[in-house]
Visitor: 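Quick one: structure below, then a few questions.
The structure presented is a predicted model; accordingly, all values stated were derived computationally and were not measured. Just follow the structure's listing: the first ligand is 1, and inside any ligand the first atom is 1.
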Amino acid sequence: MRTLITGASSGIGLALAHAYAARGHDLVLVARREEQLRSLAAELERSGIDAKAVPLDVGDTDAVVSTLRALDREAPIDLVIANAGVGVPEGVTDLTSWEAIGPAFHTNFCGAAATLTALVGAMVARGSGHLVGIGSLSSFGALPLSAAYCSPKAGLGMLLECLELDLLDTGVAVTRVNLGFVRTPMLARSTHPMPQLLEPEDAAERLAVRLATRPAEITLPEPLGTATRMAASLPRPLRHLLARAGRKFR
Ligand SMILES: NC(=O)c1ccc[n+]([C@@H]2O[C@H](COP(=O)([O-])OP(=O)(O)OC[C@H]3O[C@@H](n4cnc5c(N)ncnc54)[C@H](OP(=O)(O)O)[C@@H]3O)[C@@H](O)[C@H]2O)c1
């Protein structure tokens, strides 16, 4: 199995790289920070894994598409995990401005969309493949001061479900992952409560186990997912009242 993971230099992507290395997968590791990627690839190579570091900004969608296709021509990629993402930006005063939301849209939506669609044609032609998008429970409903994060993640969820519909019966599986809180650098400066917080290694191991069955959707942790879905189905005025009550933590 050859697996490509974006955002492999840190957090969940790094933990996924180790989880799949433990399963003997060949790995293609993508992120912007070349040094981290190269030292991870070297570490994995020392334990007998074929690991390739590919420094790339997923916001450069043309480069993503051409690079993934070239990599796939070298050796077919079986599993693509679009994991690269950024959180709510820091140091921007108006969190509803384009300056605030633009970079997160490019990375979390356009970058993920390019990653997930670049190899669709090749995978369909082979009649096999698995596309995975790492989304968030925050895509289930609007949160205060989080347009930069919730909106592209909601778009990513919709993209994954559309791909799932369109790729039915092609042999290519699509999985939408909805994660709760995971202790990674993305949350390092967050001060709001983080119920049911997962360690990245635990999240990655649970994902790798469940992804092996190629399900359409994975929600982790499930209790928080159920509570979030219930909150998202409340009438809008009540939902907004609850969301604004949470605003004091931001
Ligand atoms: N942590 C959570 O609680 C949580 C919850 C739900 C969903 N998620 C999602 O999980 C994914 C991983 O996040 P994380 O928590 O592991 O955060 P993280 O530790 O900050 O890792 C983010 C990864 O994405 C990469 N990345 C960011 N922008 C990129 C770009 N433009 N091009 C290429 N790579 C880029 C980063 O690498 P470089 O900086 O080297 O490029 C890094 O490897 C994200 O999609 C995030 O939204 C996280």
Visitor: Using a strict 4.0 Å cut-off to heavy atoms of Phe181, name the atoms of ligand 1 that fall inside it.
Guide: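 With Phe181 as reference, the close atoms of ligand 1 come out as 3 (O).
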
Visitor: With heavy atoms of Ser136 as the reference, note each atom of ligand 1 found under 4.0 Å away.
Guide: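 Listed by number with element, the hits are 6 (C), 7 (C).
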
Visitor: Which of the atoms in ligand 1, numbered in the order shown and given with their element, are less than 4.0 Å from a heavy-atom of Gly11?
Guide: 16 (O), 19 (O)

Visitor: To the nearest 0.5 Å, tell me how far Leu119 CG sits from Leu71 CG.
Guide: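 With rounding to 0.5 Å, CG (Leu119) is 8.5 Å from CG (Leu71).
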
Visitor: Report, as yes or no, whether the 6.0 Å neighbourhood of atom CD on Glu74 holds more than 12 heavy atoms from other residues, nucleotides or ligands.
Guide: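 Counting other residues, nucleotides and ligands, CD of Glu74 exceeds 12 neighbours.
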
Visitor: Counting heavy atoms not belonging to Met158, are there more than 12 under 6.0 Å from its CE?
Guide: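 No, not enclosed.
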
Visitor: Please identify which of these residues, Lys52, Arg2, Met1, meets the side chain to side chain contact (heavy atoms under 4.5 Å, CB included) condition with Asp26.
Guide: Arg2

Visitor: Given Asn108, Leu187, Asn83, Ile134, which has its nearest heavy atom closest to atom 44 (C) of ligand 1?
Guide: Asn83

Visitor: A quick test of your reading: do over 12 heavy atoms of other residues, nucleotides or ligands sit less than 6.0 Å from CZ of Arg183?
Guide: no

Visitor: Please round to the nearest 0.5 Å and tell me the distance separating atom NE2 of His18 and atom CG of Leu27.
Guide: 10.0 Å

Visitor: May I ask whether Ala15 has any heavy atom positioned less than 4.0 angstrom from an atom of ligand 1?
Guide: no

Visitor: Given Ser139 and Arg176, is the side chain to side chain donor-acceptor pair (under 3.5 Å) satisfied, shown in steps?
Guide: CA-CA 11 Å; Ser139 64; Arg176 171 181 178 166; 3.2 Å; yes

Visitor: Give the numbers and elements of all ligand 1 atoms closer than 4.0 Å to a heavy atom of Pro185.
Guide: 19 (O)

Visitor: Give the single entry among Val86, Ile12, Thr107 that approaches atom 48 (C) of ligand 1 most closely by any heavy atom.
Guide: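 Answer by nearest heavy atom: Ile12.
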
Visitor: Among protein heavy atoms, which lies nearest atom 26 (N) of ligand 1, and at what distance?
Guide: Ala84 CB, 3.9 Å

Visitor: Between Arg126 and Asp72, is there a salt bridge with N-O shorter than 4.0 Å?
Guide: yes

Visitor: Which of the atoms of ligand 1 are close to Ser9, meaning less than 4.0 Å from one of its heavy atoms?
Guide: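 Reading through ligand 1 atom by atom, the close ones are 36 (C), 37 (O), 38 (P), 40 (O), 42 (C), 43 (O).
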
Visitor: Can you name the atoms of ligand 1, numbered from 1 with element, that are less than 4.0 Å from a heavy atom of Gly135?
Guide: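 Per the distance check, 6 (C), 7 (C).
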
Visitor: Heavy atoms only, cut-off 4.0 Å: how does Lys153 contact ligand 1, side chain, backbone, both, or neither?
Guide: side chain

Visitor: Give the atoms of ligand 1, by number and element, whose distance to some non-hydrogen atom of Tyr149 is under 4.0 Å.
Guide: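 In order of numbering, the contacting atoms are 6 (C), 7 (C), 8 (N), 9 (C), 46 (C), 47 (O), 48 (C).
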
Visitor: Counting heavy atoms only, which of Thr6, Leu179, Leu56 is nearest atom 33 (C) of ligand 1?
Guide: Leu56

Visitor: Does Val58 approach ligand 1 within less than 4.0 angstrom via side chain, backbone, both or neither, non-hydrogen atoms only?
Guide: both

Visitor: What atoms in ligand 1 come closer than 4.0 Å to a heavy atom of Asp57?
Guide: 30 (C), 31 (N), 32 (N)

